[in-house]
Structures are given as C-alpha cells and as structure tokens.
Protein chains: 2
Amino acid sequence: MPVYRPLSSLAPVVPQAPLEDVSARIRAQGARATPARIAVLRMLQTASRALSHADVEHALADSGFDRVTLYRVLDWLVEAGLAHRVADSDRVFRFSLAASRSPEHARHAHFRCDDCGRVFCLEDVRVSTPVLPAGFTSKEVQVSVSGACAECNARPS
Amino acid sequence: MPVYRPLSSLAPVVPQAPLEDVSARIRAQGARATPARIAVLRMLQTASRALSHADVEHALADSGFDRVTLYRVLDWLVEAGLAHRVADSDRVFRFSLAASRSPEHARHAHFRCDDCGRVFCLEDVRVSTPVLPAGFTSKEVQVSVSGACAECNARPS
DNA sequence: TTGCATCTGCAACTGGATTGCGGGTAACGG
DNA sequence: CCGTTACCCGCAATCCAGTTGCAGATGCAA
C-alpha cells in the first residue's frame, strides 16, 4: 500500500461561473441554493481534476463549512446528477462535475497518479461497453487508468 | 448511498486445485506455504467473482484465521502478483485471481451489481488504453461496469 | 532436529464516511 | 416586507474497513 506525497494545493480559483447561474442550477433541482452548495459546485466547475472531500474541505477552510455539511453537499450533488463519484484505489471518494447533459449510460474516465495520488479527468475518451453475460444489464461504465502524471515523471526523484 | 441486499452465501467449494500445486505456487514466490495462504488462494481459485475480505472471512470462519491474518494474506497475494485488488464503489477492496502470466500492463474488467452488490469478473474483455495527456504514462487500466446482474434482473422485486 | 526469519494472533488505532438531533435559514405565500 | 415551514446545517458521537506494533508461534532449510 503506497504512501502518497501530500497533494499540491489547488490553484486559486480565479474565473468562476456567475453566482446566479450556479444558484439557478441548484434551484432547478428543487433544492435550496445554500452557500455551501454554491461554493462546492463552483469549485467543482473550475477544478481540472476529481476532488476528494479533503480537497474541498481544505480549499474552503476559510468559509467555515462543517465537515459533515461538505459530505452532504457532495452526496446531494451526486444524487442530483450534477456530479460523479468514484471510489479511488486509496478507498477515498473523488468527485467530478457530471457532463451537463449526460447520456443515459454515463461514461467516465479518470487517470490516477500512483506517485502523487492526484486524479485527473480524462475527457475525449470513447468507452465501449464490454460484452456482458446473458441476463446482465449495464448502467454505467467507468475506466480508470493508473500510472505517473507528467509532473511526477518530470521530477528527478 | 444504496444499501445492498446481503450477499448470498458462496457456493460450497467443491472442486479444488490439488493442495500440492497451491503450496508449490506459494513457495515459488519465496514465501511460506501457511494454512491461511493456502486456504485463501484456493478460495480465490474457485471463486467466480471478486471477493471482499468479509467474503473470505465469512467463508473461512470455521478455520479460525484471524481477521488481520486474512488482510495480510490478501495483501501478500497482491504484492506477489497472484491477485488483483480493486477498490469497489462501496469503498471495499475486492480481490480476484490474477491471470497466470499477466502482461506487463495488466488489464482487468469487473461488473458490479447495483442491487446485490456482488462483483463479477469479466473475462474476454479487450481494453485499450485511452490517449493520455503529454508526459503521462500508464501502468494499469481498470474497467468497471455497473448495472444489474442476471439474478437480480430475474427477481420480481 | 534445530535455528531463525517469517508469519500469526491479539489489541489498539486510524481515518474517511455516516447518523441523530436540536437549532438555523432559504424560499414561498401572503 | 414579514411570517411560516420544510429543508438544511453544525456538532458530537459512531461506524467500519483497513492498519500497526509487538510478542509468541511456525514453516522450512540446513
């Protein structure tokens, strides 16, 4: 079981979707546009990689949201279909924004760096559903690639 | 977060590889052929699906192996290249026998039933490595399909 | 048979995630 | 603009798969 280097801090979130749009999107799900939901959703929108609860908690530490609140917001996002959740190989859930209009059968691909532990979303990946045994029906196909990211490959160590 | 029906008990393990073969395979890795390793390896050899630690613990309850011993045996199997470990979407590790002579880049596919929570190994799946960003290198590609298994599709409920 | 490196059992611990509940607040109707 | 209320949040306790430290047992090679 490898021990990962600490995650590099997230880049400061500079350009964000207008607050009204985010709030409206939340209300469109029949839910309240609370500060926690708005903050987490905006963060996911600008993230270039799948974020763990710890990532979110750390990045929003100044906002004073409770740990549990963030768990619930992330759960809600998944339930509302706004985000995907994948259990990473380190037994940690990671969250990434769902495609705005995802097809019925969601396809998703992630890359995990064995060295730094970061998880990147792979866009543009065509995944074909494998042939299943008789009677089996598929709902979702997830592809996860592990290896070394560019940054870690470049690092001398 | 779905709640899964209890796992149906594993079918009684009837036909097994000869004990000598299993022991020899363990010693071939430069390790001791202990009762726990033999029992777990035989169990994986006859399993038609990926097993969790709980599955193994339950099935071998009569043998009196310690919980921790089973964890360590499973870890050792993975380290020795005799088994694969995947973190399931319920944050539980599942183990399946590795192909006898796996290529350098291991490819593996699993099917997870959203209803009963069981995980099946999909053989005969050709997985192509997705195109990665510049500088990224891949080591392993995992494909996991979720949906409903034949048994749960057949069940009226 | 013996030496000893390796393996096991026990108990305590870790950390991500979940739950229960009392108090707070967003959003609707007026 | 204000009251009502269903939904949401903070807090603290809890859960549970997995891990660690250590003393004692054991496979196995000499």
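Naming: A, B, ... by sequence-line order, numbering from 1 per chain.
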Taking five pairs at each terminus, the helix from dT1(C)-dA30(D) to dG30(C)-dC1(D) shows an axis bend, to 10°, of 40°

Could I get a table of every N or O pair under 3.5 Å where one atom is in the protein and the other is in nucleotides 28-30 of chain D?
from, atom 1, to, atom 2, distance (Å)
dC28(D), OP1, R27(B), NE, 3.4
dC28(D), OP1, A33(B), N, 2.5
dC28(D), OP2, R27(B), NE, 3.3
dC28(D), OP2, R27(B), NH2, 3.3

Choose from [options] the nucleotide whose nearest atom is closest to any side-chain atom of [X].
X: D66(B); options: dA17(C), dC10(C), dC7(C); answer: dC10(C)
X: Y71(B); options: dG9(C), dT18(C), dA17(D); answer: dA17(D)
X: A36(A); options: dC9(D), dG18(D), dG16(C); answer: dC9(D)
X: R72(A); options: dT20(D), dC9(D), dA12(D); answer: dC9(D)
X: T69(B); options: dT18(C), dG9(C), dC7(C); answer: dG9(C)
X: V68(B); options: dA11(C), dG9(C), dG16(C); answer: dA11(C)

[X]: which residues meet the side-chain contact (heavy atoms from CB on, under 4.5 Å) condition with it, sequence neighbours left out?
X: F136(A); value: L132(A), P133(A), F111(B), F120(B), C149(B), A150(B)
X: V73(B); value: A36(B), R37(B), V40(B), T69(B), L77(B)
X: A87(B); value: F93(B)
X: T137(A); value: A148(B), N153(B)

Side chain to side chain, S23(B) and I26(B), heavy atoms closer than 4.5 Å: no

Can you see if the side chain of R67(B) gets near the phosphate of dG18(D) - specifically, an N or O under 4.0 Å from OP1 or OP2? no

Mind checking the [atom1]-[atom2] spacing from [X] to [Y]? Nearest 0.5 Å is all I need.
X: H110(B); Y: S89(B); atom1: NE2; atom2: OG; result: 12.5 Å
X: L60(A); Y: F65(A); atom1: CG; atom2: CZ; result: 6.5 Å
X: R85(B); Y: E79(B); atom1: CZ; atom2: CD; result: 8.5 Å

Heavy-atom closest pair (S146(A) atom, D114(A) atom, distance to 0.1 Å) is CB-OD1, 3.7 Å

To the nearest Å, give me how far apart [atom1] ([X]) and [atom2] ([N]) are.
X: R37(B); N: dT8(C); atom1: CZ; atom2: C1'; answer: 10 Å
X: I38(B); N: dC7(C); atom1: CD1; atom2: P; answer: 13 Å
X: D88(B); N: dG18(D); atom1: CG; atom2: C1'; answer: 15 Å

If each of F95(A) and P35(A) is mapped to the nucleotide of DNA chain C with the nearest heavy atom, which maps nearer the 5' terminus, i.e. the 5' end? F95(A)

Looking for any heavy atom pair under 4.0 Å, which part of the strands does A54(B) touch: base, sugar-phosphate only, or nothing? nothing

